[in-house]
Amino acid sequence: MGQPAAITGRGATPTVGKAMLNKYARAFFTRVLTPFAAFLIRRGVSPDTVTLIGTAGVVAGALVFYPRGEFFWGTVVITLFVFSDLVDGNMARQLGRSSRWGAFLDSTLDRVADGAIFGGFALWYAGHGNNDVLCAVSIFCLASGQVVSYTKARGESIGLPVAVNGLVERAERLVISLVAAGFAGLHTFGVPGIQWLLPIALWVVAAGSLVTLVQRVVTVRRESAEAEAAARQDSGAAQ
Ligand SMILES: CCCCCCCC/C=C\CCCCCCCC(=O)OC[C@H](COP(=O)(O)O[C@@H]1[C@H](O)[C@H](OP(=O)(O)O)[C@@H](O)[C@H](O)[C@H]1O)OC(=O)CCCCCCC/C=C\CCCCCCCC
Ligand SMILES: Nc1ccn([C@@H]2O[C@H](COP(=O)(O)O)[C@@H](O)[C@H]2O)c(=O)n1
Ligand SMILES: [Mg+2]
Ligand SMILES: [Mg+2]
């Protein structure tokens, strides 16, 4: 559907500005997941259903397993469902039914899923994980990820291109955290030393999200100044 980039959340950013995973991995997973998306379409499943079930699965995996320190099984469940975020859009595009509502639902439920994942880590460290610093780092990852996404949504809603994605987009935040959590979970099966992967990943995501936030705020400030200057020039020329 031909909706404005500010509404779809894509297209506003030139390819050169895309983060690594969105640039390279998306094409690969699109090829891999297209037959599955087509299968779901043939079975009469709608993109919205996939968005909703995928989010429910991620939330359940994160909030059932992570607060108990069961990082391996939590990550397995989340991984099974998180790819629904690539399948739903794929289905909508195959159906020629990409919609403003779908874009809104997809992005809004992404925030719910991310909240559950980093909230699950925070609950573990606040409880039996017994580490106040890592609890705080998990909460920082949760909050900064949400704010990073908000900068783009709000910038685009006020008509700016926000032509930067930054160092650590959502895909990077998820892959770093989930791969580390999955491997860290092997500690409970007797693999020594590996549990440190999760704290390292959380610090990396926290630092990367902060850098990304600064990159996006600086971009919005520059684009906003350029837009105001252009508007002043236009109104000066009209007088
Ligand atoms: C022995 C241990 C075993 C452990 C078990 C298994 C471990 C597996 C671990 C991890 C798998 C992680 C997979 C994560 C996949 C993430 C997929 C995903 O959700 O991508 C979504 C992303 C973004 O889509 P949108 O453009 O629709 O979303 C917009 C975007 O998010 C904006 O972001 P922001 O502004 O916040 O930065 C939002 O603003 C906007 O609202 C939102 O709509 O899609 C992509 O970016 C496409 C690329 C996907 C790349 C997936 C790569 C997966 C890579 C590796 C997985 C395999 C790892 C294998 C580990 C092996 C361990 C044994
Ligand atoms: N239920 C849905 C979900 C998504 N869309 C459309 O897909 C875009 C997102 O694509 P992804 O590959 O990142 O999932 C989104 O902006 C919508 O245009 C939809 O229509 N319905
Ligand atoms: Mg999606
Ligand atoms: Mg999404």
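It should be emphasised that the depicted structure is a prediction, and the values quoted were computed from it without experimental measurement. Counting starts at 1 for both ligands and their atoms, in listed order.
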Show the atoms of ligand 2 that are less than 4.0 angstrom away from any heavy atom in [X].
| X | answer |
| --- | --- |
| Asp88 | 3 (C), 14 (O) |
| Ser98 | 18 (O), 20 (O) |
| Asp48 | 1 (N), 2 (C), 21 (N) |

Query raised in the report: Under 4.0 Å between a Lys/Arg side-chain N and an Asp/Glu carboxylate O for Glu228 and Arg232?
Result: no
Query raised in the report: Do the two ring centres, one from Phe71 and one from Phe65, sit under 6.0 Å apart?
Result: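 No, too far apart.
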Query - Metal check, the Mg ion (ligand 4) vs Asp88 N/O/S, cut-off below 2.8 Å - result: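 Checking Asp88: none of its N, O or S atoms is under 2.8 Å.
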Does [X] approach ligand 2 within less than 4.0 angstrom via side chain, backbone, both or neither, non-hydrogen atoms only?
| X | result |
| --- | --- |
| Thr51 | side chain |
| Ala103 | both |
| Arg97 | backbone |
| Arg100 | neither |

Requested in this report: Please work out which of Ala37, Gly89, Ala92, Gly102 has its closest non-hydrogen atom nearest to atom 7 (O) of ligand 2.
Outcome: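 Result: the heavy atom closest to atom 7 (O) of ligand 2 is in Gly89.
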Query raised in the report: Does at least one non-hydrogen atom of Arg93 fall below 4.0 angstrom from an atom of ligand 2?
Result: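 Flag set, Arg93 near ligand 2.
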Looking only at side-chain N and O atoms, does [Y] offer a donor or acceptor that is under 3.5 Å from a partner on [X]?
| X | Y | value |
| --- | --- | --- |
| Trp124 | Asn131 | no |
| Arg216 | Thr219 | no |
| Ser149 | Arg170 | no |
| Ser46 | Thr49 | yes |
| Thr34 | Asn90 | yes |

Requested in this report: Determine the interplanar angle of the Phe39 and Phe36 rings, folded into 0 to 90°, and report it as parallel if under 30°, tilted if 30 to 60°, perpendicular if over 60°.
Outcome: parallel
Query raised in the report: What N, O or S atom of Asp106 is found closest to the Mg ion (ligand 4)?
Result: OD1
